[in-house]
Structures are given as structure tokens and as C-alpha cells.
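Below is one structure, written out as C-alpha cells, with a few remarks after it.
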Amino acid sequence: MSAVVDLSSAEREVRDKAAMASPVSDRFVTDAALKPAFFDWLCRMGDNALVLGHRTSEWCGHGPVLEEDIALANTALDLIGHTQLWLGLAGEVEGRGRDADQLAYLRDAAQFRNLLLVELPNGDMGVTLMREFLFDAWHHACLSWLIAHSQSPRVAEIAAKAIKEVTYHLERASDLVVRLGDGSGESHARMQAAVDLLWPYTGEMFKSDAIEAELVKAGIVPASETLRETWERTVSEIFEEATLDMPEDGYSHLGGKQGRHTEHLGFILAEMQFLQRAYPGASW
Amino acid sequence: MYAQLIKSEGMKSREEMSQEEIAFQERVDRGEKIEPKEWMPEGYRKTLIRQIGQHAHSEIVGQLPEGNWITRAPTLERKAILLAKVQDEAGHGLYLYSAAETLGVSRDELLEKLHSGEMKYSSIFNYPTLNWADMGAVGWLVDGAAIMNQVPLQRTSYGPYSRAMIRICKEESFHQRQGYAVMMKMAFGTPEQKEMAQDALNRFWFPALMMFGPSDKDSVHSAQSMAWKIKINTNDELRQKFVNETVPQAEYLGLTIPDENLVWNEEKQGYDFSEPDWSEFFEVIKGNGPCNRERLGARVKAWTDGAWFRDGLSAYAEKAAARRAAIVAAE
């Protein structure tokens, strides 16, 4: 292991306790044939949480009302926690001694596997909330599948931890989408504008590829397109209540899951990775 | 702390007090808690609103200097800790605005006064956070100074304020320890990290001392507040206590306090130290600190940009209430 993250004894204790809390044996973690695909997919999960957590944390201290400041910080905190779990397992599967911090702070944009949706700029609170809602509805469906069906006990275990918080994220985002969609003329217009802006980025959530297919075959992950029905049901129910129009499916922006990102991700990473890049080998 | 230069009333002698005022003062003297619906002198109520309001404003403006580093935190663990900490500060703001509301002033009214500049927040948050060690220094020194004042305020005479302080102190002492933990990492780290740690201490030392407010001899509002147990210790007492506790902590870190006059005084069993530059303090209070414009500007912008969001929620609440009323009427 390189010296990027030199853990203090207290931190090591926390990590060891976490490892002890997960004595679950899982043959997929050491399956050499599956390794590249499994690692990639775990990065998709971890990077979604990391990048959305980063975007959400940009609101800290700038929210429209104190309760929102608290809720946004809390949501970002949950997502950073999920990042640690998914990227931690990714590092284990990869087996090259990289831990969650090294994966988060020392990969460049082309190695990131998050959806384009989560890296889009925050915009106004309407865009931020709508992005959260569209993602949460997918996230919740995905985690639910993993808990019920994944043949990988470690994956199911992380999903079971994360879903407690994601259930709350979805509930909160849904509630606000309804209230703002069916609120004032201006709030309705802003929420509809947010839907129209973000919709072309939702198709990527349901697009399968060869990497995923390998893991679907092993029974570890769901095929992306199978999550669409649940997602659409959630979104259409909430939109109806919110008096928002669901756009026709049209063009989808793709590429995030394969490492082809928008211009925005580079700036996120330049900011996020600054200290690790400027002071290599230091312990923080 | 986060409450400086709180304007209070002139101290009344017992002869000048009404029967009600005498009875009130006796309750305070006996250590009884005053609760929202009970009689209290108008001056007591007004002073508390100013003090609790300023404290609440400090908590929410105080999110900004630390929020400045959340997106640049160097590890996932540090990012999570900082997020949790800033979220705590917002929560403290919430308790305190709620405590102020029990005195008959709404959160919106207090925010309006913050945004117009009529009410202040602690001078400390008008200083910039320039390197990662500042996240340590803010926890260690700024929260450390705040705790000096807040621990005694757990015993303050006003019930809701006292109970808010009890909750806040639990979290603040944790913040101070985690700030010190960041300082340890930096001070015992690479030469560059140690340099950042020293730089942070150099910049935050005197502003932290200013947090306690001007010297007792220049502090005109203390006597009445102390009689009412809204203020428990004098500014100089608290500042001395802070210096006494902090100097050995700096020594352990191998960092130098930026004060040539700092020396142990055996006779008073405390350190002698230089006064901060009070002209700088008054300039910062007047609005001329390095970040006054950005800090208040950010809060005003958040509030203004958020108007449609708040209005939208209110519009929905009205519609929902009307729908419920229509259902009831139809039944």
C-alpha cells in the first residue's frame, strides 16, 4: 500500500472494527475472472455517491432555509458514507492495495464511473432537488434489488446499510418535488424547467453494457433496464401529484459509466483532489 | 461565545426596582430558571433577544468559513467529519432561533436584522480560512473560545437558553477535540503541513482572543447582564482562562503562539499576554474585516435566491389546507 493514506492508530481501529463487522465470506471478492467487471461496477456505485455527495455538499451554508442546510449536509454526509463502503470493497476486489481514499482522490476523470446526471452543476434548488429525486428513485430501486437478489453477500450487505438512508432521501426529495411542483406559479415553472433540463440524463441509468452483463450473469447485479419499470412508476406517481409533465423519452446522454464525462467532472476533481495531489504522501 | 458587545440596560439599584423587579431578581439570585410565559423585565427580554439572536446568527454565518473547505477535504473521513460538524452548527442555529422565539421574536425578523446589518454575528467569522490547517485551528481555537463562555451559560437564568446551551456544549466540546486532532496531524506531519499549522495559529490567535469582547474596563454593559445571570463571567476572566488552557496545547504541538510578551506569571498563576489590536476588532465589527462583505453577502444571496422556494412551500401549504377544508365542508 502506498503512503497516501497513512492511518492513525485510532483510524486504523475504526477500519479494523468495520472489517470485523463484516466477516461475511464472499467468493466473488476473490474471483479473478470477474475482477475487472466487478471492480468497475463497484466504482460506478461508489462514484455516484461520491460525486453526488460532493455536489450536494456545495450547498453547505447556502441553502434557502436553515432546515434545508441541515438536510442537505446530512444527505451529503450519508453519500460520503456510502462512498467509503462501495469504494472500500472496490479496493478489496481490485487487490492492488488501493483503499477508498486512494480511489477517490487519485483517479483521474476518465477512471470515474459515475452517471453524468450526478456531476451536473447544482443550478437552483429546483435542479438540485429534481436531480436528487430522479437519482434517488433509481438508487432505491437498485439497492432494493441488490438486497433481495444479489448473490454477492458483501454487495447485499452494503446495499442493506445504504437503503436505510436512501429511503429517507427519496421520501424527502419526493415530498419537496410535490410541494414545489404544486406550489406557486414560479416554483412550478422552476421544477418543470428542472425536469426538462435533466431528463436527457436519466436514460443512462437504464443502459446496460458488457461489463454489467458479466455481473448479471453471475447474479450479482440487476440488468439496468429491469429497474426502469419501478423507476418510472415512482417518478410518474410523484409527477402526477406534483402536477409536473413527464417529458417524452428522446435522446439520452451516455458515457459516464464508461468514463466519458461532461466537462464538469474535471473541475469537481481538481477541487476535491487538490490536497492529495499537491502534497503527495502526506497523512491528513 | 459568539456574543460580543451586547447592549444591555443600565444596572438598577434595589431602591429603583419595582416590586415585580425585586421578586424577579430574587428568583434569579436563588438560581431559579425563568420560563417563557413568566413575567420578566422588558430589559431582560430585550437583552436576551439580542444575545441569543447574535449567537444564532454566528452559528449560521459560521458555517461559511468551514464550508469553504468541505469540497477540498483531503480524505473521505475528514470530509464526513467536517460535514457533520458544519451540520451541527446549523442545528445550533436552529435551537437558538427557537429559544429566541420563546421571547416573542420570529426567526424571520431576526434574519431580516442580520441581513440589514442591524444585528451582528461574531467578529471571528469575518476572517478567511486559507489552508486545511484552518479547519483544525477553527475547531481548536474558535470552538475552544466559544466553549469557555458557553459552559457557564448552561447555568444561565433563562430556561430555554440554558437548555439549548446544554445541548450545544456537548457538540462543541467534541468539535474542539476534533479540531485539535486535525492540528496534531498537521503539526506532526510533513514540514509543509507543520508550516500550514503554524500559519493557521498565527492568523487565528488574536482574532480568537477578540471573541471574548473588549476588556472589562471598557465593557459598559456587563453589570446588569451579570446580575441577571445572562452573562456569568467577565470578558477578561474568560480570556485569561482560554490563554491558560491553550498555551500548553500549542506547546504540545510544537507550535509558537505569535506573542512575544507571552510569559508565565507565577504570582497570578496564569500567563501574561498581549492584548489584541482593539482598533482592528472595531473595524471588523464596523464591517471592514477581510470577509465581512463575502460572509453577509453569501447569507443575503442564499436568502434572496431561496425566496421562491419558501414561497412555493407556503403556496402548497395554503392549497393543501384549502383542500382539506373543502373535504370537511363536503362531509
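The structure presented is a predicted model; accordingly, all values stated were derived computationally and were not measured. Proteins get letters first, then strands, A, B, ... in listed order; numbering begins at 1 in each.
Between chain A and the options B/L94, B/D305, B/L111, B/T304, the largest number of non-hydrogen pairs under 4.5 Å is found for B/L94. Ranking B/S314, B/A90, B/G93, B/A73 against chain A, the residue ahead of the rest is B/A90, based on heavy-atom pairs under 4.5 Å. Between chain A and the options B/T71, B/I70, B/V86, heavy-atom pairs under 4.5 Å are most frequent for B/T71.
Interface remark: A/L72 contributes no atoms to any contact with chain B (heavy atom separation under 4.5 Å). Only the side chain of A/R190 comes within contact range of chain B, with at least one heavy atom under 4.5 Å from a heavy atom of that chain. In this structure, chain B has a heavy atom under 4.5 Å from the side chain of A/A104, while its backbone stays farther away. Interface residue A/L129: only side-chain heavy atoms are found under 4.5 Å from chain B. With a 4.5 angstrom heavy-atom cutoff, A/Q273 does not touch chain B via any of its atoms.
Taking 4.5 Å as the limit, some side-chain heavy atom of A/L275 sits within range of a side-chain heavy atom of B/W69. Between A/H188 and B/Y316 there is no side-chain heavy-atom pair separated by less than 4.5 Å.
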Inset, instruction - May I have the step-by-step check of side chain to side chain contact (heavy atoms under 4.5 Å, CB included) for A/M125 and B/W308, ending in yes or no? - result: CA-CA 10 Å; A/M125 193 63 185; B/W308 73 268; 3.9 Å; yes

Legend entry - Test log, rule side chain to side chain contact (heavy atoms under 4.5 Å, CB included), inputs B/D311 and A/S187: CA-CA 8 Å; B/D311 292 346; A/S187 72; over 6 Å; no

Inset, instruction - Kindly determine whether A/H62 and B/Q63 satisfy side chain to side chain contact (heavy atoms under 4.5 Å, CB included), including the steps that lead there. - result: CA-CA 9 Å; A/H62 304 278; B/Q63 293 179 91; over 6 Å; no

Inset, instruction - Step by step, work out the side chain to side chain contact (heavy atoms under 4.5 Å, CB included) result for A/L66 and B/Y97. - result: CA-CA 10 Å; A/L66 194 47; B/Y97 285 122; 3.8 Å; yes

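In this structure a side-chain-to-backbone donor-acceptor pair under 3.5 Å is present from B/R310 to A/P64.
Ion pairing between B/R323 and A/D182 holds under the 4.0 Å rule for side-chain N and carboxylate O. At a threshold of 4.0 Å, the pair B/R107-A/E67 counts as salt-bridged, since one of the basic side-chain nitrogens sits closer than that to a carboxylate oxygen. Between B/R299 and A/D69, at least one side-chain nitrogen of the basic residue sits less than 4.0 Å from a carboxylate oxygen of the acidic one, meeting the salt-bridge criterion.
Counting heavy atoms of neighbouring residues, nucleotides and ligands inside a 6.0 Å radius, atom CD of A/Q111 exceeds 12 of them.
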